[in-house]
Chemist: 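Have a look at this one.
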Amino acid sequence: MQPVAVDELQKRGISTEYALELLTKMMQIRAFEEKAEELFALGRVHGTMHLSIGQEASAVGLSSALDSRDYLLNTHRGHGHCLAWYGSSPDLMMAEFMGKEAGYCRGRGGSMHIANVDTNNLGANGIVGGGLPISVGVGLTIKLRKTDQVAVAVFGDGGANTGAFHESVNMASIWKLPVIYFCENNQYAMSMAFQRAFNIEHISDRAVGYGIKGITVDGNDLLQVHDAAVEAVARARAGEGPTLIESVTYRWKGHSKSDKQAYRTRDEVKEWQEKDPIRRFSAFLGMSDAERDDMQAKARQRIEEAVTFSENSPEPDVAHIMEGVYA
Amino acid sequence: MQPVAVDELQKRGISTEYALELLTKMMQIRAFEEKAEELFALGRVHGTMHLSIGQEASAVGLSSALDSRDYLLNTHRGHGHCLAWYGSSPDLMMAEFMGKEAGYCRGRGGSMHIANVDTNNLGANGIVGGGLPISVGVGLTIKLRKTDQVAVAVFGDGGANTGAFHESVNMASIWKLPVIYFCENNQYAMSMAFQRAFNIEHISDRAVGYGIKGITVDGNDLLQVHDAAVEAVARARAGEGPTLIESVTYRWKGHSKSDKQAYRTRDEVKEWQEKDPIRRFSAFLGMSDAERDDMQAKARQRIEEAVTFSENSPEPDVAHIMEGVYA
Amino acid sequence: MPDQNGASNGARELTYAEALREGLRQIMAQDERVFLIGEDVGVYGGAFGVSAGLRDEFGGERVIDTPISEAGIAGACIGSALTGMRPVGEIQFMDFITISMEQLVLQAAKIRFMFGGKATVPMVLRTPAGSGTGAAAQHSESLENWFVHVPGLKVVMPSSPYDAKGLLLSAIQDDNPVIFVEHKLLYRTKGNVPEEMYTIPLSQANVVRKGEHLTVVATSIMVRRALEAADILAQEGIEIEIIDPRTLMPLDEKPIIESVKKTGKAMVVHEAVKTGGYGGEIVSRIVESEAFGYLEAPVRRLAGLDIPIPYNRTLEVNTVPQVQSIVDEARKLVNGQY
Amino acid sequence: MPDQNGASNGARELTYAEALREGLRQIMAQDERVFLIGEDVGVYGGAFGVSAGLRDEFGGERVIDTPISEAGIAGACIGSALTGMRPVGEIQFMDFITISMEQLVLQAAKIRFMFGGKATVPMVLRTPAGSGTGAAAQHSESLENWFVHVPGLKVVMPSSPYDAKGLLLSAIQDDNPVIFVEHKLLYRTKGNVPEEMYTIPLSQANVVRKGEHLTVVATSIMVRRALEAADILAQEGIEIEIIDPRTLMPLDEKPIIESVKKTGKAMVVHEAVKTGGYGGEIVSRIVESEAFGYLEAPVRRLAGLDIPIPYNRTLEVNTVPQVQSIVDEARKLVNGQY
Ligand SMILES: Cc1ncc(C[n+]2csc(CCOP(=O)(O)OP(=O)(O)O)c2C)c(N)n1
Ligand SMILES: Cc1ncc(C[n+]2csc(CCOP(=O)(O)OP(=O)(O)O)c2C)c(N)n1
Ligand SMILES: [Mg+2]
Ligand SMILES: [Mg+2]
């Protein structure tokens with residue numbers, strides 16, 4: 001490893017092993033989503049999906065500042081955060097994605113609703129901004145129980161324009177709830193460019209309106225995301241309330257499976273692909289291309305295993321279709 | 001008139017007559033609401049009402065910057081804005097308040113829904129924040145028709161915490177709509193004190209989050225409100241988009257008819273009563289107490305006439321109950 | 001379960017609002033997972049006084065005043081319920097629940113199912129519905145059938161102080177999201193309410209009055225009006241059987257069907273707008289059941305007119321069923337005029 | 001009015017999406033008060049491609065992309081309609097209309113009435129409903145009955161390309177707020193569509209197929225499925241009469257009642273969850289009418305299961321009525337098995 005990396009990691013108390021683990025997570029996310037796309041193309045999965053390829057540092061950087069006591073409220077573009085989350089299983093995720101009984105949600109939820117309440121992963125959400133009001137409640141639970149947990153609510157630039165965002169962040173602020181509002185500004189809400197949907201430079205500027213700390217970070221730089229999250233977590237655990245983090249990044253793929261991407265240029269996509277967060281972090285760690293490719297191959301292998309696992313899992317039984325509506 | 005007043009009015013192009021007209025408006029509003037309260041106490045009106053006594057300068061200062069081409073979106077606490085509006089009739093307002101057929105809304109709307117689309121008064125609103133999304137549409141009409149009209153959306157401090165506020169102001173900002181967001185911060189949303197509902201000092205700070213101009217004015221000073229509104233109107237007519245004006249004021253009466261006001265002290269109310277906008281403006285104009293009282297008596301007389309008018313108006317006929325649902 | 005009329009069980013007269021408050025107080029004292037959240041539920045005591053005094057008793061941490069943020073209130077309930085609490089939210093007027101719909105319908109109702117049955121959302125959202133206070137079209141909605149149409153939610157509508165307390169305690173202890181619809185005009189009505197912490201099971205209809213000639217299914221305030229109508233009709237020799245579903249969803253349809261098999265005639269009375277309303281559900285349940293073969297007359301719906309609630313007092317009263325209209329409709333049905 | 005089958009009138013095959021687009025294009029060219037507003041309706045052409053190309057044609061001022069702000073979209077329609085425009089809003093999936101409810105129900109629907117009949121709100125809100133795309137519980141809602149239950153709104157649900165264009169043009173020219181519910185699985189279905197700017201009056205039901213044995217009232221995609229079912233049933237000698245209300249509110253009930261008087265048997269088919277759904281309205285209209293006396297069998301509802309839409313494809317398909325379930329239910333009804 002380069003000395004500067006050693007230094008930077010040490011400063012943050014990140015061991016080499018842990019750094020490699022984080023890189024592995026990013027690679028598994030990439031592999032998972034590439035596989036997801038392939039399964040779609042082959043017609044082996046139905047519905048839709050939202051790939052976060054290009055945004056891996058954002059997901060892994062965030063989760064690297066949290067631990068197993070904390071809560072996650074995730075978005076439709078949530079494979080990454082879900083995989084990055086503590087205790088998550090690529091097998092059960094893939095099984096859910098493929099609609100199988102062994103999936104996290106018994107095949108009832110699919111890509112947009114993967115959750116694992118057992119590990120405090122409170123679920124992806126098909127509704128833009130849908131998790132934000134819920135985060136207020138999670139924050140209240142923590143506050144009422146007086147634990148030192150933190151909840152993180154992930155949303156996109158699009159989500160920051162929903163009424164839900166406003167009501168939620170304000171409530172979290174006035175009650176000093178331990179919630180981190182983590183906005184992944186990937187430049188587009190479907191076809192709506194950030195510049196067209198906002199009349200401000202940084203979404204984090206909105207923090208002013210709620211009297212909380214706001215910060216914008218390079219979302220393709222794992223350590224920058226990590227640092228901002230660590231700071232926000234400390235603030236939350238200390239009872240100082242929420243933080244709004246804007247993680248500036250980019251989605252390489254279309255919005256969902258059926259997107260002609262007429263709203264952006266190929267050059268723009270290429271430009272951002274050069275900021276690949278995985279290459280960036282592996283280079284930072286001083287890895288050679290071969291080392292990196294080798295690691296990525298292993299990650300792909302892991303995802304292949306998840307596919308095999310899922311293929312061997314049965315379909316949900318129609319006889320049980322009415323189950324799970326009421327407790 | 002005191003020389004300083006002459007000066008100040010002249011600077012703004014306000015004639016003495018117009019200044020007295022503005023004062024008259026404030027006094028009629030006060031008289032209307034005092035009468036409304038009395039009618040309630042006598043059991044002659046049913047439902048509920050929200051009095052804006054103490055806030056008169058805010059309503060009149062705002063409308064003084066607008067003219068008959070402009071649009072108003074009003075709130076539940078809207079008697080003042082409605083009376084201050086161009087072409088409004090105390091008779092038809094009182095008749096509506098008393099549920100009579102001659103009322104602006106044929107007795108179907110009542111206090112919370114007084115509207116007169118003919119004069120671009122698009123109605124009071126029983127829903128906090130309910131007029132805000134509508135203002136976006138009014139702004140779009142103006143923009144699409146390329147007229148130089150302005151729409152003003154009035155709301156309270158409580159309204160500024162609704163999701164509707166956020167979505168609307170953002171949309172008006174990105175499309176540079178000619179809408180003035182006029183927030184009457186009267187310190188309370190029902191029992192919820194401003195300080196408890198916000199973690200910021202000025203609601204106008206929220207303008208930052210939308211990239212628009214925000215300003216806080218003393219809402220009990222008619223000229224301060226007027227000035228801010230004039231500036232906002234100019235900006236809007238010039239195609240420079242919305243402004244967020246926070247008019248800091250206070251309601252002297254309870255939230256609605258049934259409010260024990262346990263959430264505030266009498267001293268606080270008294271303190272604000274000393275900032276009476278009517279006395280303040282009449283004193284500024286150099287009026288003696290007697291002159292002022294005389295003028296107020298005339299305003300009361302005008303409202304008595306409105307009551308008489310209303311009493312002579314028939315009740316709506318049950319035979320026509322199904323009318324007006326569909327066009 | 002103590003009896004509604006059993007003063008021996010420590011029952012005394014309470015208003016509907018007092019009964020609700022007593023239930024809230026008792027369960028909050030017993031179960032620290034329960035907390036209240038809503039606009040002005042604290043010092044103000046709620047717009048209709050239901051939570052008066054509870055903030056003094058349990059503190060601002062457990063009786064939480066919110067900004068005007070109905071989506072936020074619903075979300076606060078969902079998130080806390082999902083993580084182990086038992087929130088009781090209040091939406092100040094049922095009309096404003098329109099702002100909470102996404103959270104209630106797409107989140108609260110669906111989370112358990114979408115998560116494969118692996119999560120619970122034990123929350124109660126209380127809200128006052130109905131007209132009669134002169135508050136006009138935006139403060140008088142009766143929207144219960146929207147929620148009946150959303151699998152995953154339960155819908156409860158108590159018609160008496162006794163039911164109010166017992167059903168509220170059941171709702172809070174239920175592991176599902178419950179929309180608890182109160183009625184503004186019922187808050188001050190009185191009835192016997194036992195002091196103890198009794199529960200009335202959800203999804204258990206109540207035969208409020210026995211009769212042979214006509215089955216009247218009524219909800220909320222219409223149960224009271226139907227009872228008054230029954231007294232008048234009884235003087236003419238017409239005995240109506242009144243059934244209050246109490247829980248609209250999931251519905252306990254059996255007593256209704258049994259009753260129709262006995263009377264051969266049925267009508268539904270609710271305040272909500274007739275078209276698209278709950279009446280259609282009850283009519284369908286009857287017509288689809290074995291009671292169909294016993295029907296001697298059309299099943300009728302007596303409900304609110306298809307208009308927004310007008311402000312004017314006379315118009316307002318004429319918009320929704322009153323005692324006299326129930327009497328008239330029942331008489332016609334029994335006398336074979338349909 | 002040109003005929004659905006009259007190629008002589010210049011009809012050609014278009015998809016449902018193309019028919020809608022053609023209607024939008026024609027009226028926008030003719031009436032400058034009409035504009036489109038919604039998420040991704042511009043360059044993207046709308047999530048289901050309905051407005052593809054219209055931004056190029058009419059510019060960004062009249063084909064307006066919005067931020068993710070469904071309350072704002074509804075409000076933008078209301079405010080512009082109230083001031084003289086004729087907006088056509090789009091809510092990307094009907095599920096998200098939950099976020100527009102306050103604006104639609106408390107404002108759009110009530111403004112005219114609350115203002116004493118002195119204002120009009122001529123807006124159309126288009127939105128795709130329904131399951132079948134694997135998008136799971138939060139992208140598959142069928143919520144039409146909520147709006148049927150709101151006086152002041154009109155609710156339209158076209159089932160064919162021909163109806164889609166003709167009804168959309170009527171809706172845009174109507175002076176009331178119209179909720180225009182499309183179906184995702186219908187967008188690519190084809191049918192004859194005249195090129196001219198014809199309208200189909202609102203509140204006019206359509207007898208889609210004539211038959212003697214059973215009246216089937218079906219909406220949206222269920223009309224297509226019922227037609228397929230009819231072919232299968234015809235082979236067994238069972239002739240069903242299929243009626244598509246097209247406008248659910250205000251309903252043209254007469255053809256339904258006449259049909260039931262003829263057939264003596266009726267069923268309703270819709271995709272939305274059965275409980276609290278539109279089926280109850282249709283059943284009630286039949287049972288309350290003179291058709292009651294002609295009924296030879298219970299009126300049945302065939303509708304979506306009372307569950308959120310599941311992701312898994314097999315579960316999803318089994319959640320809502322399919323051709324085979326219509327066949328089975330119709331056969332049972334006709335054969336007196338209920
Ligand atoms: C309330 C709501 N409106 C619209 C949609 C449709 N939709 C799904 S994702 C999306 C764009 C979201 O943009 P953003 O929040 O920036 O997240 P990203 O997809 O870029 O990760 C839209 C419009 C939705 N799911 N929910
Ligand atoms: C969406 C909504 N929530 C709650 C209410 C009940 N309510 C009416 S006025 C009011 C307080 C409004 O406060 P603010 O916006 O500050 O206006 P003010 O009454 O102080 O003029 C409340 C809670 C409502 N009408 N609408
Ligand atoms: Mg984005
Ligand atoms: Mg206020």
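Chain letters run A, B, ... following the sequence lines, proteins first, then strands; residues in each count from 1. Owing to the predicted nature of the structure, the values given are computational and were not obtained by experimental measurement.
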Chemist: Can you say whether D/L153 sits under 4.5 Å from chain B via the side chain, the backbone, both, or neither, judging by heavy atoms?
Modeler: backbone

Chemist: What option among B/D118, B/L144, B/L140 has the most heavy-atom pairs under 4.5 Å with chain D?
Modeler: B/L144

Chemist: With a 4.5 Å heavy-atom cut-off, do D/F115 and B/R108 have their side chains touching?
Modeler: no

Chemist: Could you pull out the closest heavy-atom pair between D/G72 and B/P133, with the gap in Å?
Modeler: CA-CB, 4.3 Å

Chemist: Which bit of B/N170 comes within less than 4.5 Å of chain D, counting heavy atoms only: side chain, backbone, both or neither?
Modeler: side chain

Chemist: Which atoms of B/Y326 come close to chain D, meaning under 4.5 Å heavy atom to heavy atom: side chain ones, backbone ones, both, or neither?
Modeler: both

Chemist: Would you name the heavy atoms of D/P67 and B/W175 that are closest together and state the gap between them?
Modeler: CD-CZ2, 4.1 Å

Chemist: Output the option from D/E61, D/M123, D/R33 having the highest count of non-hydrogen pairs under 4.5 Å with chain B.
Modeler: D/E61

Chemist: Where does D/T83 contact chain B at under 4.5 Å (heavy atoms): side chain, backbone, both or neither?
Modeler: both

Chemist: Relative to chain D, which segment of B/V325 carries a heavy atom at a distance below 4.5 Å: side chain, backbone, both, or neither?
Modeler: both

Chemist: When you measure from the side chain of D/K118 to the backbone N and O of B/G324, does any donor-acceptor pair fall under 3.5 Å?
Modeler: no

Chemist: Highest number of heavy-atom pairs under 4.5 Å with chain B: which of D/V121, D/T66, D/D174?
Modeler: D/T66

Chemist: Which region of B/N116, side chain (C-beta onward) or backbone (N, CA, C, O), has a non-hydrogen atom less than 4.5 Å from a non-hydrogen atom of chain D, or is it both or neither?
Modeler: neither

Chemist: Can you tell me which of B/T141, B/V138, B/I174, B/L177 forms the most heavy-atom pairs within a distance under 4.5 Å of chain D?
Modeler: B/T141

Chemist: If you tally heavy-atom pairs under 4.5 Å against chain D, which of B/E323, B/E101, B/H113, B/H166 wins?
Modeler: B/H113

Chemist: Quick check for you: to the nearest 0.5 Å, what is the distance between D/I78 atom CD1 and B/I134 atom CD1?
Modeler: 5.0 Å

Chemist: Heavy-atom pairs under 4.5 Å with chain B: which of D/R112, D/M85, D/K154 has the most?
Modeler: D/R112

Chemist: Salt bridge or not for D/E32 and B/R145, using N-O below 4.0 Å?
Modeler: no

Chemist: As an exercise, state the distance from OG of D/S100 to CD of B/E167, rounded to the nearest 0.5 Å.
Modeler: 8.5 Å

Chemist: Taking every heavy-atom pair that is under 4.5 Å apart, which of D/I68, D/I111, D/I64 has the most such pairs with chain B?
Modeler: D/I64

Chemist: Measuring heavy-atom distances to chain B, does D/E70 have an atom under 4.5 Å in its side chain, in its backbone, in both, or in neither?
Modeler: backbone

Chemist: Does any N or O in the side chain of D/N176 come within less than 3.5 Å of the main-chain N or O of B/A327, such that one atom is a donor and the other an acceptor?
Modeler: yes

Chemist: When you measure from the side chain of D/E102 to the backbone of B/G130, do you find a donor-acceptor pair of N or O atoms at a distance under 3.5 Å?
Modeler: no

Chemist: Give, as side chain, backbone, both or neither, the part of D/Q107 having an atom under 4.5 angstrom from any heavy atom of chain B.
Modeler: side chain

Chemist: Only pairs of heavy atoms separated by less than 4.5 Å count here; which of B/G110, B/S168, B/A115 has the most with chain D?
Modeler: B/A115

Chemist: Between atom CG of B/N125 and atom CE of D/M114, what is the distance when rounded to the nearest 0.5 Å?
Modeler: 6.5 Å

